[in-house]
Amino acid sequence: MSTDNHEEFDVVVVGGGPGGSTLAALVAMRGHRVLILEKESFPRYQIGESLLPSTVHGICRLSGAADDLAKAGFVLKRGGTFRWGANPDPWTFAFSISQKTAGSTSFAYQVERMKFDKILLDNARRKGVDVRERCPVTGVIDDGDRVRGVTYTDADGNEHRVTARYVVDASGHTSRIYKHVGGTREYSEFFRNVALFGYFEGGKRLPQPNSGNILCAAFPSGWFWYIPLSDTLTSVGAVVRREDAAKIQGDPDVALRNLIDECPLIKDFLSEATRVTTGEYGRLRVRKDYSYNNTRFWKPGMVLIGDAACFVDPVFSSGVHLATYSALLAARSINSVLAGTVDEEAAFTEFEHRYRREYGVFYEFLMSFYDMHVDENSYFWSAKKVTKNTRGELESFIELVAGISADEFDLRDAESAALRLKQRSAEFADAVDEVVRGNERSMAPLFKSSVVSHAMAQGSQEQTRALLGADAGADTPVFSGGLVPSEDGLHWTRPQGG
Ligand code: FAD
């Protein structure tokens, strides 16, 4: 084995998932030399199949992957259908305000991640990124002051050293190197769930125009996702309390069937379906301990994006959004520093501030979403009420968003955070009622509710920028002294007159 193989790049990205490949493409587009080291050979399996429109029409448009995604034949997702809240019947949250205003960008895709992630990785290659698969990163070169590069093993077992101005950790929830930025991974108590999931052929579909929607169904022990990945293939997962992990520790097949039996809606949708038992989709999988955030997102020479940094919860499809959005923010910071237009501290403070803000926005939205469901006899749903029981969680939430503009997260203590969350979940529940009463003809009440409007704000801004470029108009900083995106969206600039 050789140990003297040494190369130099501007940026080395660890992991070629949606976060890593998006960042790599956006940095290579500014002419920098970028290397992706990916331990697997693509296509490889990953969970996280339901997307949001801003990923598809915003960030993937900017990175150049949008046209290939459009050609891939993914199922069109117009929104989500939920058996959730006080209403006994499923209701729908569409991405367009009304059928009449449904535009060419008010949809997302349900994706088989084996195909989606490969399209994004191939796009990075086309943008000039050097992509090396079956190359696990084994260590970080850190001289104490800054991170200088990584070591990795190639497919033949040879060891290599790569030095770079920046190392990007995009290696997901299994990251072994995130600790190098310092800080700790803080696990959430509130979202402390376990997911058991698999694939079915022949499941039912919602009536048109919602047949491509994700269906989320609450039941006493938790909730199910039901994601149509083709006309016949469906991804089905149950989310239950961490304390109920024993329920899924025996034979997972029996466990999943028992959970399906507890949920009449999913049972009905799967009544004529058979579980896939061969190939990549043939295995039932379990994921736990997936809700966390790192207390630091960067240090000189290294930055965390995507699941390496944080993840909230599978409900409402925020994972790939946060991964690709953080990739965009970090790419702007790296591009600005490499071009010498912004100093490192300012560029990465901007990255961390915006990333934490978006994470906080989704965190609050998803807590309100869980709080909104009513089932007084269920342990799962009682634990999801924003009450005194979640005091520690609310204190962590305050810490998480501390320093982020006061009007957005004006939280003094756990009591004020609980009050605000209760108000927001009640407002959200009222908005759902209004939409249901109006026979879902208009989504306006939902889009006007605080948690939804905040959750959609950044995504739609990026979508507008990707579509209109300079015509999108000037942005405003999100904190005093902060930066704004350039017209092409690829780096940071000082605001006009700032
Ligand atoms: P990943 O997609 O995990 O990619 C990381 C890559 O790094 C992998 O390819 C891995 O092989 C590689 N890697 C790891 N270690 C090394 C190493 N040492 N060297 C080199 N390469 C390495 N999100 C959604 O948007 N919609 C959903 O419906 C959804 N459902 C979910 C359901 C569950 C139960 C869970 C747990 C998550 C769900 N998510 C969902 C979240 C989604 O899976 C992640 O947020 C998303 O995959 C993160 O992308 P990433 O690029 O950060 O990491």
Side-chain angles (χ1 to χ4, degrees), residues 11 13-27 34 36-40 42 44-66 69 108-121 123-124 129 167-175 177-178 181 185 191 287 290-294 297-298 302-334 351-352 354-363 365-366 455 458-459 462-463 466 489:
V11 178
V13 180
V14 185
S21 55
T22 299
L23 177 135
L26 295 171
V27 173
V34 186
I36 290 183
L37 296 169
E38 165 56 55
K39 87 173 170 192
E40 307 277 342
F42 276 37
R44 60 92 180 87
Y45 178 84
Q46 177 59 290
I47 191 63
E49 294 142 333
S50 198
L51 304 185
L52 292 179
S54 63
T55 303
V56 174
H57 308 291
I59 296 168
C60 291
R61 169 72 46 211
L62 205 60
S63 73
L69 292 179
Y109 300 120
Q110 313 284 19
V111 297
E112 291 189 62
R113 287 286 300 270
M114 284 184 280
K115 295 180 186 164
F116 176 75
D117 289 19
K118 184 160 172 19
I119 291 174
L120 264 50
L121 193 64
N123 177 62
V129 176
V167 170
V168 178
D169 182 9
S171 61
H173 69 287
T174 60
S175 170
I177 58 170
Y178 71 88
V181 300
R185 203 178 249 201
F191 294 108
R287 282 278 300 271
Y290 47 67
S291 304
Y292 53 79
N293 78 89
N294 212 53
F297 284 172
W298 74 282
M302 181 165 175
V303 55
L304 312 183
I305 62 167
D307 279 11
C310 56
F311 176 61
V312 191
D313 188 81
V315 83
F316 228 83
S317 317
S318 60
V320 174
H321 163 66
L322 285 169
T324 51
Y325 180 65
S326 59
L328 171 64
L329 298 177
R332 283 178 185 156
S333 299
I334 291 172
F351 154 78
E352 172 140 357
R354 286 185 186 250
Y355 190 7
R356 236 172 242 296
R357 184 174 90 142
E358 191 69 349
Y359 182 78
V361 160
F362 273 91
Y363 201 92
F365 177 25
L366 302 191
Q458 275 311 304
E462 295 311 338
Q463 216 166 304

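What's counted below: heavy atoms across the whole structure, side chains too, no hydrogens, waters or symmetry copies. By convention here, the first residue in the shown sequence is residue 1.
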What's the verdict on side-chain contact (heavy atoms from CB on, under 4.5 Å) for V14 and V168, showing C-alpha distance, side-chain angles and the deciding distance? CA-CA 6 Å; V14 185; V168 178; over 6 Å; no
Let's go through S326 and F297 carefully: what are the C-alpha distance in whole Å and the side-chain angles of both, what is the deciding distance for side-chain contact (heavy atoms from CB on, under 4.5 Å) to 0.1 Å, and is it a yes or a no? CA-CA 10 Å; S326 59; F297 284 172; over 6 Å; no
Any donor-acceptor pair under 3.5 Å from Y292 side chain to D307 backbone: yes
Taking the six-membered ring where the residue is Trp, are the ring centres of F316 and F362 under 6.0 Å apart? no
Indicate yes or no for a side-chain donor-acceptor contact from S171 to the backbone of G15 under 3.5 Å, with no hydrogens or angles considered. no
Verify, without hydrogens or angle tests, whether T55 (side chain) and L51 (backbone) share a donor-acceptor contact under 3.5 angstrom. no
Closest heavy-atom contact between A308 and Y178? O-CB, 3.9 Å
H57 vs Y109 aromatic rings, parallel, tilted or perpendicular, using cut-offs 30° and 60°? tilted
Between the side chain of E38 and the main-chain N/O of G16, is any donor-acceptor distance below 3.5 Å? yes
In terms of ring plane angle, is the pair H321 and Y325 parallel, tilted or perpendicular, where the classes change at 30° and 60°? parallel
Going by an N to O cut-off under 4.0 Å, is there a salt bridge joining R354 and E462? no
V312 backbone acceptor or donor facing S291 side chain under 3.5 Å: yes
